[in-house]
Amino acid sequence: MRYYSTRDKSNAASFAAAALTGLAPDGGLFVPEEIPGYPPAVLSSLGVMGYPEIALETIRPFVRGEIPDPVLEDIVRDAYPFGAPLVGVGGRLILELFHGPTAAFKDFGARFMARAFAWLRRGEDRPLRILVATSGDTGGAVADGFFEVPGISVTVLYPKGRITPLQERQIAGLGKNISALAVEGSFDDCQRLVKAALADEALKKKTPLSSANSINISRLIPQAAYYAAAAGRAFAGKTDPDSEATPRIKGGSLPPGAHCLQASSVAPPQSPVPSPQSLVILCVPSGNFGNLTAGLYAMKMGAPVHQFIAATNINKTVPDYLASGEYRAMTSQATISNAMDVGAPSNFERMAAHFSWEEMRRIILGVSVSDGETRETIARVHKEAGYFLDPHSAVGWKGVDKLRAENKIGDGPVTVLSTAHPAKFSEIVEPLVGPAPVPASLERAMSRTVTSQTIPAEESALIEVLAS
Ligand SMILES: *Cc1c(COP(=O)(O)O)cnc(C)c1O
C-alpha cells in the first residue's frame, strides 16, 4: 500500500516511511491511497471473531508487502492481550476502550506502533529516539508501548504541574529506555520544542529522531479494528460480560428500579442486548479526531456502521463545521475533559481528504457538551445505571441525549465509546460519585516513583539535553 500527503498527492511513501517519519515532508498528513474492503467472509463473522483476528484482518492490507503475515500475527497477539468489551449500560452499549495498560484508548494505537517500529527497524544498528509532546494521555500510552523495545528510546515532554499525578507516574515512572522532561510551560510549548528538535540537522546527524504524535498513520490504522469489532457485535446483537476492570457498582447496590439491562455482572456471557441492530450508531468523544477518522476507515472497509456522532466539549470546531460548512480553527479552551481540548484538530485534514462536507454531514452528527452537562451526566448515569463514566466518555453519553432530544437520532440503542477508565480521572469523578474501582494496571502505576528532569520552555534546553 502507498500513502500520500494530504497536501500533495505526488508526495508518496511506503507504510514504513510514512510511519517512521510521521509527517509528510510538505507538512501534510499521510493517508492511504485506497481504503480496502474486508473480505466477505470476514464481514459476515465480525460479530464472533476474537480481537487479535479482527486486528489482523484490519491492518493486513495496509502493510501488505512490508510486514509479512506471520510477523503481523505475532505483533497483534502481543499488542492485544486485552480487547474492547461491549457492555450494556442503561439501554445503551458502551465500548470500553480502557482495558490496556494505561487505561485509555490510546493504548490500541501506541502498542501496535511500537511493535511495528521494532520490526521495520530490524537490522538497524543506530538507535532511534522518539520525541513525543503530551498533554497527558498520549505520553503514557507511547511510553508504555515502547517500554523495553530494543533499539528505540523515547523522550516524553509534558507541561510541568499540568498533568495528573497518575499520568506523571505513567510517563516518568518507567525508566530504562523511557525518559521524561517536565517543561516549565504549556502543552503548546512542549510541541514547539519537539518540532524544533526534529528540524535540527546537526542533532539528527548524531541520533536519528522520530515523533509519535497522534497524526502518525501507524497509530491510526489499528484503531479501525475496534470499530469493526463493535459494529459487528452490535449488528449481531451480542455483548460481552463485565470484565474485572468494568467500572460498575457490583451486586445489590443498584438503586431499586434502576434498569441496568440484562448485561450486568450477573448476566451470562454474550447475553443479547436489546436486539440485533441494523442501524449501528457509534458516538465518539473527540478532540484531535484521530479516533473518529479510524472509525471512518472501518466504515469504508465495510464495517456495518450507519452513522457516527462526533461529541466534543466546548472546543467545537468540527461540530461547527458540520453545521455551517465553514472550517474555523479556534484557540483551545480548558475543560474537565482535557484530552479533548483541541481547537485545531490535526486529523480534520485527513477527514477532508476522504470526504466532502456533504458526505461528512450525512455520516457524522456533531454535538458539543459543556463541563456542567458533563458533571451532571457522570452523576446521573452513576445513579440510574450504576456505571462510572470518565469525563470524556460522559461527553459522549450526553451528546446522545442532546441529539435524541432534538430528534436527530431515533430511539434505538446507540454505542458510546468510552475512551478512558473513570479511575484515571478520579480528580473529577470522585467528588461527584465517589471512588470508581481501580484496575490493577493503574494501581501498579501509582506505586512507581517519578524520575524526570525539569527544563525551561526553550528550544535550546531540549537540544542540549538530547545532545548530551
Ligand atoms: C486522546 C483522547 C481523546 C480524544 O481522542 P482524539 O483521537 O484526539 O479525538 C478522548 N478521550 C481520551 C480519554 C483521550 O485520551
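Order of appearance sets the numbers: ligands from 1, and atoms from 1 within every ligand. Hydrogens, waters and symmetry mates play no part in the numbers below; they use all other heavy atoms, side chains included.
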- Query: Taking both backbone and side-chain atoms of Gly287, is any N or O found less than 3.5 Å from an N or O belonging to ligand 1?
  - Reply: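 Checking ligand 1 against Gly287, an N or O pair does fall under 3.5 Å apart.
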
- Does any N/O atom on Gly290 come nearer than 3.5 Å to any N/O atom on ligand 1?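 In this structure, Gly290 places an N or O atom under 3.5 Å from an N or O of ligand 1.
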
- Task: Can you measure from CG (Leu432) to CZ (Phe388) and round to the nearest 0.5 angstrom?
- Result: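 Taking CG in Leu432 and CZ in Phe388, the distance rounds to 11.0 Å.
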
- Working to the nearest 0.5 Å, report the span between CE of Met340 and CD1 of Ile314. 11.0 Å

- Closest non-hydrogen atom pair between Val284 and Ser286, with its separation: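 Heavy-atom minimum between the residues: O-OG, 2.9 Å.
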
Residue and atom name of the nearest protein heavy atom (relative to [atom]), distance in Å to one decimal:
{"atom": "atom 8 (O) of ligand 1", "result": "Asn288 N, 2.8 Å"}
{"atom": "atom 7 (O) of ligand 1", "result": "Asn291 N, 2.9 Å"}
{"atom": "atom 2 (C) of ligand 1", "result": "Lys106 NZ, 2.4 Å"}
{"atom": "atom 11 (N) of ligand 1", "result": "Thr419 OG1, 2.8 Å"}

- Message: So if I count the atoms of ligand 1 from 1 in the order they appear, which ones are less than 4.0 Å from some heavy atom of Met340?
- Response: 10 (C)

- ligand 1 atoms in contact with Ala420 (distance to a heavy atom under 4.0 Å):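 Once the distances to Ala420 are compared, the set is 13 (C).
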
- Query: Under a 4.5 Å cut-off applied to non-hydrogen side-chain atoms, are Phe425 and His392 in contact?
  - Reply: yes

- Query: Any chance the rings of Phe30 and Phe15 have centres within less than 6.0 Å?
  - Reply: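 No - the distance between ring centres of Phe30 and Phe15 does not fall below the 6.0 Å cut-off.
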
- Message: Are Tyr51 and Phe82, when compared by the centres of their aromatic rings, separated by less than 6.0 Å?
- Response: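 No; Phe82 has its ring centre 6.0 Å or more from that of Tyr51.
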
- Item | Lys424 and ligand 1 - part of the residue with a heavy-atom distance under 4.0 Å | neither

- If you measure from atom 5 (O) of ligand 1 to every heavy atom of Phe98, Phe289, Phe105, Phe425, which option wins on shortest distance?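 Looking at heavy atoms only, the winner is Phe105.
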
- Task: Check the pair Glu66, Met1 against side-chain contact (heavy atoms from CB on, under 4.5 Å), reporting the backbone distance first and the verdict last.
- Result: CA-CA 9 Å; Glu66 297 186 67; Met1 172 84 66; 5.8 Å; no

